[in-house]
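Reading through the structure tokens given below for one structure.
The chains referred to below are lettered A, B, ... by the order of the sequence lines, with proteins before strands, and numbering in each begins at 1.
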Protein chains: 2
Amino acid sequence: MARTACSGALVQQPDPLRAMVSIRDVSIAAGVSIATVSRAIGNPDRVSKATREKVLRVVDALGYSPNLVARSLRSQQSKLIIVLVTNIANPVLSGCIRGIEKVAQGLGYSVLLGDTQNDDTIEARYLNLLSARQADGVIQLSYRQHGKVDELILSSNPDAAVVNACACLDAAPCPSVGVDDVGAARAMTEHLLGLGHKRIAVMTGPDESPHSRDRMFGYRLQLRAAGIAFDDALVIRGEFTMKSGSEAAAKILELKDRPTALFCFNDEMAIGAIQKLTGLGLRVPQDISVAGFDDIPFSAYANPALTTIYQPAEEMGAVAMKLLDQRLCGETEIKTVTLPTELRVRQTTAPPGTA
Amino acid sequence: MARTACSGALVQQPDPLRAMVSIRDVSIAAGVSIATVSRAIGNPDRVSKATREKVLRVVDALGYSPNLVARSLRSQQSKLIIVLVTNIANPVLSGCIRGIEKVAQGLGYSVLLGDTQNDDTIEARYLNLLSARQADGVIQLSYRQHGKVDELILSSNPDAAVVNACACLDAAPCPSVGVDDVGAARAMTEHLLGLGHKRIAVMTGPDESPHSRDRMFGYRLQLRAAGIAFDDALVIRGEFTMKSGSEAAAKILELKDRPTALFCFNDEMAIGAIQKLTGLGLRVPQDISVAGFDDIPFSAYANPALTTIYQPAEEMGAVAMKLLDQRLCGETEIKTVTLPTELRVRQTTAPPGTA
DNA sequence: CCAAAAGCGGAAAACGTTTACATAAGAACC
DNA sequence: GGTTCTTATGTAAACGTTTTCCGCTTTTGG
């Protein structure tokens with residue numbers, strides 16, 4: 001198991017001079033009781049103006065700041081919330097986090113960010129903080145494997161405060177916020193069809209990913225609406241990474257009747273694919289159109305600039321945090337919020353045969 | 001100040017059925033004292049085998065997990081460390097974080113990630129967790145404005161456990177880890193000079209950034225070593241973002257004697273610059289070479305692939321965490337670790353006049 | 001001017017652990 | 001067979017808050 005810190009030796013904290021100044025020190029210095037100090041800080045209107053000012057002056061002079069651990073223990077809430085992420089570097093997720101932080105701040109929470117790297121052990125370690133009361137709630141931002149953690153938490157503790165963001169909407173047994181993957185994929189497919197493409201390949205993510213599944217569903221739905229038969233050969237499997245996008249794109253050239261467009265289920269894969277296709281001598285979009293999903297910041301600066309679907313990542317995080325706060329305040333209704341996406345047409349898509 | 005959670009109403013946590021099972025419940029169920037339960041869990045060799053097993057069985061049966069808040073309060077350490085980041089989305093920083101997490105896990109710490117967004121208020125809020133004993137230490141990953149926070153913490157509490165990573169090496173009043181920005185910049189400049197470039201423009205970051213300053217220093221040093229005079233007109237100011245890189249690059253064309261190479265002090269700016277230069281009709285690298293710094297994952301997939309300096313981000317984080325742990329265990333020596341960088345020549349640099 | 005209410009502040013009981021100290025029972029020693 | 005050393009456990013005191021009772025003033029209303 002976890003190695004003991006500092007080379008296995010059990011070292012006692014020296015903690016020299018400067019002991020922490022406690023509420024007791026303040027109370028003595030101010031000549032009032034501990035309770036009064038506590039009230040002066042936390043319930044200002046429960047003490048007289050004179051006392052309050054006297055206490056606050058001493059607080060300032062002594063540089064006192066309340067021990068939050070003790071406060072947590074007593075008041076049974078830590079004002080800490082955990083955000084579980086599979087990958088911090090994912091731009092959609094980091095946008096989401098930013099939204100969470102903003103709202104959290106206003107509500108007086110601090111956020112504990114856990115990068116799980118899709119590792120169950122790490123995940124469990126963070127969840128343990130929840131049941132150990134070191135955190136009040138969890139926002140689950142798992143991009144793939146959604147639902148696993150939620151279930152894990154909820155099965156062991158049905159009262160746990162969990163909110164799911166960036167996840168598919170149906171499976172969540174808890175409040176959640178997300179986008180309409182199906183609709184967005186339809187919009188993109190419609191865009192490509194509208195340009196005149198008939199053979200549109202798709203690059204999916206892992207099969208377990210609900211995003212992958214929903215976007216695929218939207219693609220097929222729109223294809224059908226246009227009266228075009230779905231062709232299984234046009235489905236390429238990726239991993240939501242640039243590397244996998246690059247590798248998978250090579251398969252495009254092996255297809256007998258080469259598709260004129262490629263719809264990648266995220267931007268990273270699209271970028272990888274474009275690199276490979278360009279390297280193989282195809283021009284984008286003249287020889288083949290490529291579209292992405294997410295609109296990560298880089299996509300606008302790619303060469304050529306990527307046509308994609310924008311997701312309101314930051315807002316998603318903000319809503320998630322609000323839902324969690326409501327949950328923490330006793331709200332029991334399980335709300336589901338869906339935010340709108342936006343098709344952003346840039347330079348990687350064009351009518352077929354523009355050469 | 002911070003709005004009270006849940007629309008200002010002070011709602012009491014309902015916390016219905018299923019009260020948390022405490023150590024007392026376990027002790028009763030196991031027929032031993034609280035102390036024994038505590039020991040069975042924390043100091044297994046202080047109790048007899050029989051009792052230990054009996055206790056652990058009950059722990060399992062009751063699903064008990066120790067309240068970490070109480071433990072923190074008593075033992076004066078939270079096993080939580082805070083990582084302060086100016087921007088989660090920065091690939092170098094997120095790599096660093098990954099390294100931190102890996103080491104932290106092995107040492108039994110959880111990491112609390114704070115995205116400060118360069119906002120002093122947010123920064124202060126996280127630092128408050130430190131002085132409020134809700135966290136044991138801080139790793140400061142500030143990419144720009146380095147040193148500010150360190151000083152802030154240390155001035156109010158000289159004993160605070162702070163480690164600085166990704167920062168310049170000289171200014172830190174605390175243990176730190178980083179790379180040799182000067183040497184790396186020299187290496188890149190040498191590479192460009194070696195290709196035959198005489199007029200090499202640089203795109204810097206903000207003046208306050210120590211990285212910016214050090215890389216500039218390395219550039220000038222190597223220039224002088226090659227007997228080339230430094231030309232102030234070739235210095236373009238950026239903001240370490242793609243947007244600023246794109247905007248600043250336009251100035252290149254306004255220079256009378258156009259430089260044949262552009263050394264950007266990070267990859268994002270290089271990518272922005274390339275987009276702009278290409279858009280303006282210049283070919284990279286035939287008409288102008290462009291180099292970056294950092295080697296973010298995208299750089300290898302850019303079109304053309306970016307020549308840059310690789311930084312061992314993950315290792316940097318790992319070392320930082322180790323330093324912090326040592327500090328937490330009483331080590332007082334202020335160590336400074338410098339990790340090696342690596343020049344990665346790809347497609348955006350070539351001899352001048354290759355056209 | 002008196003009863004009731006309101007305002008203010010103190011004492012002390014939690015919150016759930018860890019751990020120093022005490023106790024008791026064997027084991028080991030001469 | 002007493003003394004001393006271990007070993008195993010229990011008792012109770014922290015850790016630093018918040019908050020529930022109270023009691024003491026002061027105001028208010030009649």
What does the inter-axis angle of the helix from C/dC1-D/dG30 to C/dC30-D/dG1 come out as, five pairs per end, nearest 10 degrees? 30°
For a quick test of reading the model: is some side-chain N or O of A/Ser48 closer than 4.0 Å to OP1 or OP2 of C/dG7? no
How many Å lie between CD1 on A/Ile23 and P on C/dC15, as a whole number? 19 Å
Flag if over 12 foreign heavy atoms under 6.0 Å of CZ, A/Arg125: yes
Using a strict heavy-atom distance below 4.0 Å, which residues from residues 30-47 of chain B are in contact with DNA chain C? B/Ile34, B/Ala35, B/Ser38, B/Arg39
A/Leu73 atom CG is separated from D/dG16 atom P, nearest whole Å, by 12 Å
Please confirm whether the backbone N or O of B/Gln134 pairs with a side-chain atom of B/Ser78, one donor and one acceptor, at under 3.5 Å? yes
Just call it for B/Ser72: base, sugar-phosphate, or nothing, with non-hydrogen atoms closer than 4.0 Å on any strand. nothing
Please evaluate the base of D/dT18 for a donor-acceptor partner in the side chain of A/Arg74 within a cut-off of under 3.5 Å? yes
Evaluate the side-chain proximity of A/Val103 to A/Tyr109: yes if any heavy-atom separation is below 4.5 Å, no if none is. no
Tell me: NZ of B/Lys54 to P of D/dA8, nearest whole Å? 14 Å
Evaluation steps, side-chain contact (heavy atoms from CB on, under 4.5 Å), between A/Glu314 and A/Lys102: CA-CA 9 Å; A/Glu314 189 162 330; A/Lys102 278 189 185 155; 2.5 Å; yes
Pairwise side-chain contact, A/Gln326 with A/Lys335, heavy-atom cut-off 4.5 Å (strictly under): yes
Does B/Thr51 put a side-chain nitrogen or oxygen below 4.0 Å from OP1 or OP2 of D/dT9? yes
Between B/Glu53 and B/Arg57, is there a side-chain N and carboxylate O pair less than 4.0 Å apart? no
If I take atom CD in residue B/Gln77 and atom C1' in nucleotide D/dC15, what distance separates them, rounded to the nearest angstrom? 13 Å
A/Arg133 CZ - C/dT17 P separation (whole Å): 11 Å
Can you check the A/Ile28 CD1 to C/dG10 C1' distance for me, whole Å? 14 Å
Determine all donor-acceptor pairs shorter than 3.5 Å in which one atom belongs to a side chain in residues 23-44 of chain B; sequence neighbours excluded.
| unit_1 | atom_1 | unit_2 | atom_2 | d |
| --- | --- | --- | --- | --- |
| B/Asp25 | OD2 | B/Ser22 | N | 2.7 |
| B/Ser27 | OG | B/Arg24 | O | 2.8 |
| B/Ser33 | OG | B/Ala35 | N | 3.4 |
| B/Ser33 | OG | B/Thr36 | N | 3.3 |
| B/Ser33 | OG | B/Thr36 | OG1 | 3.2 |

N or O in side chain of B/Gln76 less than 4.0 angstrom from D/dA14 OP1/OP2: no
Listed by chain and number, what are the side-chain hydrogen bond (donor to acceptor under 3.5 Å, both in side chains) partners of B/Asn67, not counting sequence neighbours? none
With a 4.0 Å cut-off on N to O distance, would you call B/Lys79 and B/Asp136 a salt bridge? no
Search all heavy atoms of A/Glu123 against all heavy atoms of A/Leu84 and return the closest pair with its distance. CG-CD2, 4.3 Å
Any residue of residues 55-71 of chain B with a heavy atom less than 4.0 Å from an atom of DNA chain D: none
Results of salt bridge (Lys or Arg N to Asp or Glu O under 4.0 Å) for A/Glu331 - residues two or more places apart only: none
